[in-house]
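One structure below.
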Amino acid sequence: MTRSPDLSRASLWVGLLVAGVFVAFAVPALDDYGPDRDLARAEGDYGEHALQRVLTGEPRWTQFGARTPDPPVREPHPDFRAASPPYVVHGLAATLSAASCRLLWTEFAVLPAMTAHLLPGVLFMAGLLLTLIVFGTRRMGWLVGLGAAGAALLWPRLLNHALANIRDLPETALYTWSWLLVFLALLAPERAGAARRAARLRWVAFGLVFGLTLAQKVDAIVLVAQAGLLFALLDVRRARAGRALLPFPLAGLGVTLLVAPLAWFAVSPYSWDDTPVRLTAHLRWAVMLGTTAVSDEALTGLKHLGATTPPVILLLGLLGLFRRDVQGDLRLFLVVGTLFPIARTLLPGARVDDGMRHFLEFAPGLCWLAGLGLRTTVEIVGRIAGPLLAPVAKGAMVLALMVPGLLAHRASWPHGNVDHNAFVGGLGGAQRAGHTDAVDARAGSLWQGADWLSAHAPWGADVLVPLAEHVASAARPVRWRPDLDLLQRGGRQPEAPLLVLALRLDGEHVGVVERTREVGEVVYTHHIQGGLLFEIFRVDDEPAARELHALWTRLHERPSHRLDQLASPILARRPDLRRRFAESVALLEQIAEVRPLTGGPDPAEGQGRGTDAVSTPELRARAALTDVIDELAREAPAGSGDKIRALGDELLRQIGRDRPVDG
């Protein structure tokens, strides 16, 4: 399609208008969202310290040690306390989040602290909408550009990530811009009148944005393979048509290799000091995640895609995939950009938990394809309706296609991150079918739990949050009624009545929730789409309340739990280690429950084997656990190995004899 200067200007202004309207809607809507797991345990604290490193130039702010002071904030402010090491953080948006709060809350108090922290995600989404409209309109027409933006806005999961997830949505926007820039850079030599300098500027722009993308999420390195595939397919297309092949972009790659690392370094304050050590730790952690098998099913990613993408968008995208009048290079750009991130989920060890957020980069491409499908649908309706009725029929069709998305938003708001489509019967159907992500894995709904408790809990009541307690703690200064006491592990014992706010989640502390069901009364349940997000229980029996608190503290304080949390990336990547770890800990804990672990071997164990027999079940379990701890320490990133060994020693002292394991 030939584009005119007027179309280019008009698409830009319309795109800016849509982006502006979205921001105007989204900022007030942010009051429905609080901290999630990542922001509460990692990004929030990291961002504040990284911002201080930028503002002061002092390395102490990103040392993250016991002596590192807390950054200055204006109260009330979320209580972000890092529970994850800094090398696991995707830092660009975290730093922008802190900067937004420092400017808009601490300095000028024009937005609440939590809203200001989430604002960068909204701005990245606004930029993505602008891109969908401008590029879609200029290359494929108004209906495609506006249809792509409409698909993004009517997609509950995508919109939720824009409002509540400063980790994955910003990376998706940056990834899309990098993908668009590398596409334009590869085609630059063929553009009529394009000067060599202009072509190199495209590679500079790509290198700059790609470096920012890596700073947000190092997983974006797979874009190199995606771009290589696109280049190969572009040349295959030219070879089949008897045309000259694209020249290999050697100079462009050189520019990218120079610019991208500089851009990454400039926006990664944590890596400004001890760069080789800290970068190596981050890369090792990323490799662990990239080779982690979260699910044993190879098609889990496709199942998530089919169960959480609105059916209208899927069907329109499929229709747009086969539209014949799309220019060949552009078709390859759309198809590869959509299918490559999905195909990644089929690789062994791909992370596909929590719905689509780990491969969200496919969404913008699918939105463009859905825009093409919308154009096809409207054209078909227009031909069927005839010249007189065509305008009315086309408008009615567009409105009809919007209705399912609007209804999905209404049914899931503000919990679009757990939205499931009609193919699986919504969240309730997905839970009944046992879908692995049919829960609020990001724990954002604790924000609504705090609202209910603040409105209904007795004055001065004690509250226990057995699952994702760190999210509730982060929100407490800005969302909880001040008199409510959120219980801490190992703190004072609760008094009756005790209120228990329990997410519907799997995990080691589910036993606390199960026990709560036996001793407490359900006073509130929070459902969407027929599925349960969380429950609130009331326990009026004080001994039972203290029993629950003691059980929760005991489970959470066990060295085995803390070791499992610290080494979770390695254990997830090494199922053999996880099995050996679980078996040896379970056996030692079973022995500890049967008899006190003091003195020598049990006399019964030595009968018939002589006094030198030392290969008891306990010693074998201790030896197996010691081997596992050694392997975990060797494979851990820098700085974590010693912590793993220390926790391992504590675990062995707690549940085993303090004696050598070699007899």
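At least one donor-acceptor pair under 3.5 Å links the side chain of Tyr33 to the backbone N or O of Pro414. With Trp272 contributing its side chain and Phe265 its backbone, the two residues share a donor-acceptor pair below 3.5 Å. Formation of a donor-acceptor pair under 3.5 Å by the Asn421 side chain with backbone atoms of Pro310 is not found in this model. Not one N or O on the side chain of Thr68 forms a donor-acceptor pair closer than 3.5 Å with the backbone of Gln63. The backbone N or O of Trp480 lies less than 3.5 Å from no partner atom in the side chain of Arg476, so there is not a single donor-acceptor pair. At distances below 3.5 Å, not a single donor-acceptor pair connects side-chain atoms of Gln529 with backbone N or O atoms of Gly426. Thr56 places a side-chain N or O within donor-acceptor distance of the main-chain N or O of Glu58, the cut-off being under 3.5 Å. In this structure a side-chain-to-backbone donor-acceptor pair under 3.5 Å is present from Arg157 to Asp419. Looking at Gln216, its side chain never comes within 3.5 Å of a backbone N or O of Pro170 through a donor-acceptor pair. The backbone N or O of Thr172 lies less than 3.5 Å from no partner atom in the side chain of Glu361, so there is not a single donor-acceptor pair.
Minimum interatomic distance between His470 and Ala40 (heavy atoms only, all atoms of both residues): CD2-CB, 3.7 Å. Between Asp483 and Pro458, the closest heavy-atom pair is OD2-O, 4.1 Å. In terms of heavy atoms, Thr115 sits closest to Asp31 at OG1-N, 4.4 Å. Across all their heavy atoms, Gln488 and Trp552 have their closest contact at C-CZ3, 3.8 Å. Contact detail for Ala162 and Phe22: the closest heavy-atom pair is CB-CZ, 4.5 Å. Smallest separation of non-hydrogen atoms from Met114 and Pro78: SD-CG, 3.7 Å.
Remark: Arg546 does not engage Glu495 in a salt bridge, criterion side-chain N to carboxylate O under 4.0 Å. Looking at Asp38 and Arg167, a side-chain N of the basic residue comes within less than 4.0 Å of a carboxylate O on the acidic one, giving a salt bridge. Salt-bridge formation is not detected for the pair Arg74/Glu107: no Lys NZ or Arg NE/NH1/NH2 atom is positioned less than 4.0 Å from an Asp or Glu carboxylate oxygen. A salt bridge does not link Asp440 to Arg442: none of the charged side-chain nitrogens sits closer than 4.0 Å to a carboxylate oxygen.
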Val122 and Leu119: CA distance, side-chain angles, deciding distance, side chain to side chain contact (heavy atoms under 4.5 Å, CB included) verdict: CA-CA 5 Å; Val122 169; Leu119 182 61; 4.3 Å; yes
Criterion side chain to side chain contact (heavy atoms under 4.5 Å, CB included) on Leu467 and Val513, from CA distance to verdict: CA-CA 9 Å; Leu467 298 166; Val513 180; 4.1 Å; yes
Check against salt bridge (Lys or Arg N to Asp or Glu O under 4.0 Å), Glu547 and Arg515: CA-CA 9 Å; Glu547 175 198 345; Arg515 180 59 179 155; 2.8 Å; yes
Worked verdict on Arg357 versus Asp168 for salt bridge (Lys or Arg N to Asp or Glu O under 4.0 Å): CA-CA 6 Å; Arg357 74 180 184 90; Asp168 300 297; 2.8 Å; yes
Arg60 and Asp273: CA distance, side-chain angles, deciding distance, salt bridge (Lys or Arg N to Asp or Glu O under 4.0 Å) verdict: CA-CA 10 Å; Arg60 66 190 177 104; Asp273 310 294; over 6 Å; no
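Ring planes of His49 and Phe64: tilted class, angle from 30 to 60°. Relative ring orientation between Trp452 and Tyr524 is described as parallel, the plane-to-plane angle staying below 30° on a 0-90° scale split at 30° and 60°. Taking the six-membered ring where tryptophan is involved, the planes of Trp413 and His409 are perpendicular, since the angle between them exceeds 60° and thus also 30°.
Residues Arg479 and Gln448 have side chains that never bring a donor and an acceptor to within less than 3.5 angstrom of each other. Between the side chains of His77 and His117, at least one donor N or O sits under 3.5 Å from an acceptor N or O. Neither side chain, Asn165 nor Asp36, offers a donor N or O lying under 3.5 Å from an acceptor on the other. Side chains of His304 and His435: a donor-acceptor N/O pair is absent below 3.5 angstrom, by distance only.
In this structure, the separation between CZ on Arg410 and CD1 on Ile528 is 14.0 Å, given to the nearest 0.5 Å. One distance of note links CZ of Arg538 with CG of Asp540; it measures 4.5 Å at 0.5 Å rounding.
Exactly one of Arg504, His526, Arg517 qualifies for a side chain to side chain donor-acceptor pair (under 3.5 Å) with Glu535. That residue is Arg517.
Taking the side chain as every heavy atom from C-beta outward, Phe80 and Ser473 never approach each other to under 4.5 Å.
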